[in-house]
Amino acid sequence: MSANSSIVSGNGTNASEMFNEETYLAERLGDRHAPLSSLVILFVVYGGILITGTVGNICTCIVIARNRTMHTATNYYLFSLAVSDLITLLLALPPELYGFWEAYPWRFDIGFCIMKSFISEMTSYASVLTITAFTIERFAAICHPMRFQTLSSLPRAMKVIFVIWIIASVIALPYPLHTRTFYVAFDPVTSEPIQDSLVCNIPYKWHKRMTYMFQVSTFVFFVLPMIIIIVMYVRIGITLNKTDSLVGDQKKKPKVSNWVSKKGGSQVKNGNSLQVPFNVTKARKAVLKMLFAVVIAFFACWAPFHSQRLMTIYVKQHQWTKELYTVQDYLFYISGALYFFNSTINPILYNLMSKKYQQAFKRTLCNCTRMKEYDINTSFQGSNSPNRERTQHIHYCRISKMDKSHAHGPVSAAVDASL
């Protein structure tokens with residue numbers, strides 16, 4: 001179909017009036033291509049998010065999988081979170097980035113359109129539910145350590161993770177069921193659909209039905225988790241502050257002898273002496289900083305996304321103004337970038353800020369380097385001195401063990417576990 005169509009008047013004479021398809025589509029759907037300057041910025045931002053997020057989450061999965069010391073209930077949640085983020089980055093980000101280059105028409109088939117809708121919703125729900133479950137797990141470990149020890153187990157964590165993915169998949173189903181490829185604009189002369197107006201979206205006839213789904217999604221997967229996370233982390237902060245106060249009180253007490261009498265007049269070393277090292281206070285401050293960063297990151301990454309969604313359903317067609325369209329455009333770009341940035345910042349917040357993860361990462365890296373060097377040495381040096389070379393490399397890569405806290409009590413142990 002040509003971009004220009006001739007309109008014939010009713011009296012049979014040729015009309016000079018012309019229909020411009022590009023102008024008509026721009027009025028209905030907006031600009032087909034983003035400005036070049038915006039495209040460069042978007043490609044740099046999204047490319048950086050894709051690379052750093054993919055590397056960070058893959059490292060998380062490898063470190064947790066290859067280190068038995070990382071096989072804990074908490075790290076199982078983090079492994080699930082990393083998988084969810086990887087799916088989001090690899091399957092949802094590229095089509096989004098292509099959409100900036102060409103907003104319409106939809107170039108793929110309806111199957112990919114439906115899969116894109118399902119993957120985007122399902123992984124975001126799984127990510128939020130996993131973060132919430134992980135927060136509850138951390139709250140139980142620090143605030144109720146005795147009860148946590150009886151309830152926390154790897155099989156239980158695996159069951160919770162399985163339920164999380166089932167819930168996320170079921171609640172996300174309405175989106176692929178109501179997503180279609182359809183034509184938005186029709187030629188005013190021939191009434192035929194304009195081929196370049198094909199989009200992948202929710203048809204207008206289902207907008208009212210899906211409005212309730214948008215509202216449920218915002219409340220269940222943003223407002224409610226935000227409240228839970230804030231309440232849980234406030235409780236954790238209070239508990240850690242009480243622990244710090246207890247440390248201060250113990251420092252003011254007179255020093256307790258490390259030797260206790262035993263029957264027969266002999267003395268033995270008292271392993272339960274009240275000595276609280278500086279590491280506990282330092283760990284408490286690190287945990288509080290991480291908790292604050294988690295709350296801010298969760299709100300910053302998800303608030304624009306849900307605001308943009310709610311804006312599209314609450315602003316009526318006749319209420320849209322030029323200013324509202326401008327706000328919507330900014331929200332669209334910002335919410336999209338933060339939506340994917342959430343998948344990059346998760347491994348930073350929950351893993352890279354953890355001393356145990358850092359040590360496990362170094363062990364994994366050193367093991368890989370050691371194996372590679374060992375293979376090279378055995379290949380090129382024969383069997384002259386492989387053991388000596390291997391021993392030297394192990395010494396070079398040795399990781400110092402964590403200083404174990406001498407402060408006894410479940411809260412102190414929980415703080416160390418959370419790091």
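In this chain, residues are counted from 1 in sequence order.
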Taking side chain as C-beta onward, heavy atoms only, is [X] less than 4.5 Å from [Y]?
X	Y	result
H71	F79	no
K116	L91	no
F305	N342	no
S127	D85	yes
R180	N201	no
V220	Y125	no

Taking atom [atom1] as the centre, does [X] end up with more than 12 heavy-atom neighbours from other residues, nucleotides or ligands that are less than 6.0 angstrom away?
X	atom1	result
F108	CZ	yes
D329	CG	yes
F162	CZ	no
F299	CZ	no
M311	CE	yes
Y98	OH	yes
R235	CZ	no

Please state whether the rings of [X] and [Y] are parallel, tilted or perpendicular, taking 30° and 60° as the class boundaries.
X	Y	answer
F100	Y333	tilted
F182	Y204	perpendicular
H306	W302	tilted

For this session: Consider only side-chain N and O atoms of T364 and N67, and report whether a donor and an acceptor are under 3.5 Å apart.
Result: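 Side chains of T364 and N67: pair found under 3.5 Å.
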Exercise. Quick one: CD1 on I161 to CD1 on I166, what's the gap to the nearest 0.5 Å?
Worked result: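 Going from the CD1 atom of I161 to the CD1 atom of I166 covers 13.0 Å.
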